[in-house]
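Working notes, beginning with the structure itself.
Residue numbers count from 1 along this sequence. Keep in mind the model is a prediction, meaning the values are calculated, not measured.
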Amino acid sequence: MHFTKRGNFYQASRITGPRHNFLAIALKPGHTRETVIEALPPVGECRHAALSAEAILSSVTEGVVEANSRFGTDYGVSHIYYVENDTPPEAVYGFMAHEIIKQLNSGGEFVEVKESEKSSGA
């Protein structure tokens, strides 16, 4: 998994064989009342069954709750970005959210992406 940061978004990308996923989340302390979730435009020509934004939101929320419990942190997610033509299942986004918090908690590196650099993501 590759971890980056763009502004206040922590990002993770994961490519395993034919599967590919990108997640960008904005974290805030404590529980957030409302989380905005947005699909980014497709990347490349890859087409799959449509991802469910509701399932991604649920998965990310579960991953963050699990990470908070495991690492003694208190994060909430205010905003989620994913790529429209990424591969299912949506459960992988919960794993990715968990790994973002794990990376933060362990002092792991997030490569800074400048706002002017073109890349997939927020």
Side-chain angles (χ1 to χ4, degrees):
M1 197 163 326
H2 182 68
F3 297 100
T4 56
K5 186 170 187 290
R6 179 188 296 261
N8 66 335
F9 283 87
Y10 292 94
Q11 304 176 148
S13 56
R14 180 175 186 251
I15 301 171
T16 57
R19 297 193 177 280
H20 46 85
N21 301 92
F22 171 83
L23 175 67
I25 56 177
L27 298 170
K28 292 191 172 192
H31 178 73
T32 52
R33 293 177 109 122
E34 185 177 319
T35 302
V36 175
I37 182 165
E38 295 182 56
L40 296 170
V43 175
E45 298 300 318
C46 197
R47 297 284 178 235
H48 310 280
L51 294 170
S52 163
E54 281 184 23
I56 291 172
L57 174 60
S58 176
S59 182
V60 167
T61 301
E62 289 173 18
V64 170
V65 167
E66 164 62 28
N68 283 336
S69 175
R70 183 170 184 190
F71 304 118
T73 53
D74 186 31
Y75 292 111
V77 179
S78 63
H79 207 115
I80 299 170
Y81 283 111
Y82 66 96
V83 175
E84 182 180 306
N85 67 334
D86 272 350
T87 52
E90 289 84 345
V92 74
Y93 293 95
F95 169 73
M96 293 170 73
H98 182 279
E99 293 301 297
I100 287 172
I101 292 174
K102 179 179 177 181
Q103 185 82 347
L104 274 169
N105 189 60
S106 69
E109 183 179 6
F110 284 84
V111 176
E112 259 323 304
V113 178
K114 294 184 171 113
E115 294 296 326
S116 62
E117 290 180 27
K118 184 170 176 78
S119 73
S120 170

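Across every non-hydrogen atom of Gln11 and Ala24, the tightest pair is CG-CB, 3.7 Å. What you find for His2 and Thr4 is that their closest heavy atoms are NE2-CG2, 3.3 Å.
In Lys102, the NZ atom is not crowded: 12 or fewer heavy atoms of neighbouring residues, nucleotides or ligands sit closer than 6.0 Å.
Side-chain heavy atoms closer than 4.5 Å link hydrophobic residues (I, L, V, M, F, W, Y) into clusters, and following such links, even through other members, never connects Ile37 to Val65. Hydrophobic clustering (ILVMFWY, side-chain heavy atoms < 4.5 Å, transitive): Met96 and Val83 are in distinct clusters. There is a path of hydrophobic side-chain contacts, each under 4.5 Å, that joins Val77 to Leu104.
For Thr16, the side chain to side chain contact (heavy atoms under 4.5 Å, CB included) partners at least two apart in sequence or on another chain are Arg14, Arg19. For Ala67, the side chain to side chain contact (heavy atoms under 4.5 Å, CB included) partners are Phe71, His98, Ile101, not counting sequence neighbours. For Arg33, there are no side chain to side chain contact (heavy atoms under 4.5 Å, CB included) partners two or more places apart in sequence or in a different chain. Looking at residues two or more places apart in sequence or on another chain, you find no side-chain hydrogen bond (donor to acceptor under 3.5 Å, both in side chains) involving Asn85. For His20, the ring-ring contact (aromatic ring centres under 6.0 Å, His included) partners two or more places apart in sequence, or in a different chain, are His48. Ser78 pairs by the side-chain hydrogen bond (donor to acceptor under 3.5 Å, both in side chains) definition with nothing, not counting sequence neighbours. Scanning for ring-ring contact (aromatic ring centres under 6.0 Å, His included) contacts around Phe110 gives Phe3, Tyr10, with sequence neighbours left out. In terms of the side-chain hydrogen bond (donor to acceptor under 3.5 Å, both in side chains) criterion, Ser13 has no residue partners (sequence neighbours excluded).
Under the 4.5 Å side-chain criterion, counting only non-hydrogen atoms from C-beta, Phe95 is in contact with Met1. Taking the side chain as every heavy atom from C-beta outward, Val43 and Phe22 never approach each other to under 4.5 Å.
Here the OH-CG distance, from Tyr81 to Leu23, works out to 12.5 Å after rounding to the nearest 0.5 Å. In this structure, the separation between CD on Glu112 and CZ on Arg6 is 10.0 Å, given to the nearest 0.5 Å.
For residues 34-43, the set of pairs meeting the side chain to side chain donor-acceptor pair (under 3.5 Å) definition, not counting sequence neighbours, comprises Glu38-His79.
No donor-acceptor pair closer than 3.5 Å links the side chain of Asp74 to the backbone N or O of Pro29. Under a 3.5 Å cut-off, the side chain of Asn21 and the backbone N or O of Thr87 do form a donor-acceptor pair.
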May I have the list of side-chain donor-acceptor pairs in residues 49-59 shorter than 3.5 Å, sequence neighbours left out?
unit_1: Ser52; atom_1: OG; unit_2: Glu54; atom_2: N; d: 3.4
unit_1: Ser52; atom_1: OG; unit_2: Ala55; atom_2: N; d: 3.0
unit_1: Ser58; atom_1: OG; unit_2: Glu62; atom_2: OE2; d: 3.4
unit_1: Ser59; atom_1: OG; unit_2: Glu90; atom_2: O; d: 3.3
unit_1: Ser59; atom_1: OG; unit_2: Ala91; atom_2: O; d: 3.1
unit_1: Ser59; atom_1: OG; unit_2: Gly94; atom_2: N; d: 2.8

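Paired with Tyr93 under the rule side-chain contact (heavy atoms from CB on, under 4.5 Å), one option of Asp86, Ile25, Thr61 passes, and it is Asp86.
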